[in-house]
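As structure tokens, the structure follows; a few thoughts come after it.
FYI, side chains are in, hydrogens and waters are out, and symmetry mates aren't considered; it's all heavy atoms of this structure.
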Amino acid sequence: MADKNLTIVEHIDEVRKRLMVIVVFFIVGVIGSFFLAKPLINFIQYDTPAEQIVLNAFNVVDPVVIYLKVIVFLAIVIISPVIMYQFWAFISPGLRDLERKVTLSYIPFAFLLFLAGISFSYFVLLPYVMKFMINLSGQLNIEQTIGINEYFSFLFSLLLPFGFVFQLPIVILFLSRLGVLEPKVLVKVRKIAYFVLFVLAAFITPPDIVSHLFTTVPLFILYEVSIVISRLGYRKFEKAERLRQLEEVKAEQQRQIDEVMNTTGEK
């Protein structure tokens with residue numbers, strides 16, 4: 001483990017440096033997203049979830065607001081590996097060499113899971129949500145006039161949570177690999193976790209059973225996958241701990257032998 005006993009001021013300075021790196025990459029991401037935002041907005045406007053509705057601008061600045069929102073959203077997605085790496089770099093001094101290498105390899109998988117969560121919410125969940133809303137409006141004789149700003153705000157509020165929720169297996173693996181979280185704890189609190197996920201699904205989906213199931217079942221599967229991954233990660237942690245303890249015993253024995261040899265040599 002690296003010997004870095006930083007003071008509070010040094011920790012704050014380290015955080016500042018990491019944030020500055022993220023800000024620089026964010027600016028670069030914003031510049032790149034400037035060219036990607038327009039095609040993405042056009043795609044979303046005419047793709048399946050929104051094809052049955054007409055998106056309106058209720059404010060003169062709505063097109064600019066949407067453009068900026070999409071740019072920021074794309075920039076965050078693009079630089080998310082950088083954000084993950086900076087977080088890893090901040091905590092890595094407290095890890096052993098093997099733990100540093102292992103946890104660093106999690107970043108690409110975390111990014112892929114983030115994209116998987118966004119893709120799931122857009123291509124699988126969103127069409128059912130929009131269908132439910134349109135059907136409900138028809139049953140209530142309500143003519144929907146949807147603003148493009150409101151639609152994109154709703155879209156982002158649906159996409160981002162799933163992007164973060166899909167990080168659950170990586171977070172569990174990370175904590176298990178460090179020995180912070182044991183698999184038996186996840187098994188013990190399974191019922192509570194299911195209830196929390198069930199309530200979470202109710203908050204981010206409309207109140208119909210199909211949409212709820214489309215959200216709840218994948219979340220339950222993610223939790224079960226996380227338990228399996230936690231077991232694998234914790235086994236590796238235990239193996240590493242045994243090796244570390246064995247090395248410490250050998251080092252202590254060698255130290256005692258050296259002391260005896262030095263004492264004998266002096267005599």
Which distance, rounded to the nearest 0.5 Å, do you find between the [atom1] of [X] and the [atom2] of [Y]?
X: N135; Y: M130; atom1: CG; atom2: CE; value: 11.0 Å
X: F26; Y: I83; atom1: CZ; atom2: CD1; value: 8.5 Å
X: R177; Y: L232; atom1: CZ; atom2: CG; value: 11.0 Å
X: W88; Y: S105; atom1: CH2; atom2: OG; value: 10.0 Å
X: L126; Y: K131; atom1: CG; atom2: NZ; value: 13.5 Å
X: S137; Y: I142; atom1: OG; atom2: CD1; value: 5.5 Å

Is there a path of hydrophobic side-chain contacts, each under 4.5 Å between heavy atoms, that joins [X] and [Y]?
X: L19; Y: V28; result: no
X: V189; Y: V180; result: yes
X: I31; Y: V21; result: no
X: I170; Y: V228; result: no
X: I192; Y: I221; result: no

For R235, enumerate each residue passing the salt bridge (Lys or Arg N to Asp or Glu O under 4.0 Å) test, keeping only those at least two apart in sequence or located in another chain.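 Partners of R235 under the salt bridge (Lys or Arg N to Asp or Glu O under 4.0 Å) test: none.
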Qualifying residues under salt bridge (Lys or Arg N to Asp or Glu O under 4.0 Å), relative to K38, sequence neighbours excluded: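 Per chain and number, K38 pairs via salt bridge (Lys or Arg N to Asp or Glu O under 4.0 Å) with no residue.
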Do I76 and L160 have side-chain heavy atoms sitting under 4.5 Å apart?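 Sidechains of L160 and I76: no contact.
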Of all residues at least two apart in sequence or in a different chain, which pass the side-chain contact (heavy atoms from CB on, under 4.5 Å) check with [X]?
X: V185; answer: L181, E182
X: V23; answer: I27
X: V171; answer: Q167, L175
X: P183; answer: S230, R231, Y234

Closest non-hydrogen atom pair, [X] against [Y]:
X: F90; Y: R18; value: N-NE, 4.2 Å
X: I78; Y: S33; value: CD1-OG, 3.7 Å
X: R190; Y: E224; value: NE-OE2, 2.9 Å
X: P169; Y: L222; value: CG-CD2, 3.6 Å
X: Y223; Y: L197; value: CB-CD1, 4.1 Å

Which donor-acceptor pairs under 3.5 Å do the side chains of residues 53-72 make with protein atoms, sequence neighbours left out?
| unit_1 | atom_1 | unit_2 | atom_2 | d |
| --- | --- | --- | --- | --- |
| N56 | ND2 | V54 | O | 3.1 |
| N56 | ND2 | I146 | O | 3.3 |
| N59 | OD1 | V61 | N | 3.1 |
| D62 | OD2 | F58 | N | 3.1 |
| D62 | OD2 | N59 | N | 3.2 |
| Y67 | OH | F34 | O | 2.9 |
| K69 | NZ | N149 | OD1 | 2.8 |
| K69 | NZ | S153 | OG | 2.7 |

Those residues that, when tested against [X], pass ring pair (Phe, Tyr, Trp, His ring centres under 6.0 Å) (two or more places apart):
X: Y151; value: none
X: F220; value: Y194
X: F174; value: none

Within residues 36-57 or reaching into it, pairs that qualify as ring pair (Phe, Tyr, Trp, His ring centres under 6.0 Å) - sequence neighbours excluded: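 Residue pairs with at least one partner in residues 36-57: there are none.
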In sequence, state the C-alpha distance, the side-chain angles, and the governing distance for L200 and V165, and then conclude on side-chain contact (heavy atoms from CB on, under 4.5 Å). CA-CA 10 Å; L200 176 64; V165 168; 4.1 Å; yes
Would you be so kind as to tabulate the donor-acceptor pairs closer than 3.5 Å made by side chains of residues 106-123, with sequence neighbours excluded?
| unit_1 | atom_1 | unit_2 | atom_2 | d |
| --- | --- | --- | --- | --- |
| S119 | OG | L115 | O | 2.8 |
| S121 | OG | G117 | O | 3.3 |
| S121 | OG | I118 | O | 2.8 |
| Y122 | OH | D47 | OD2 | 2.8 |

So among N42, L36, I44, which one has a side chain to side chain contact (heavy atoms under 4.5 Å, CB included) with L40?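 It is I44; the other options fail the test.
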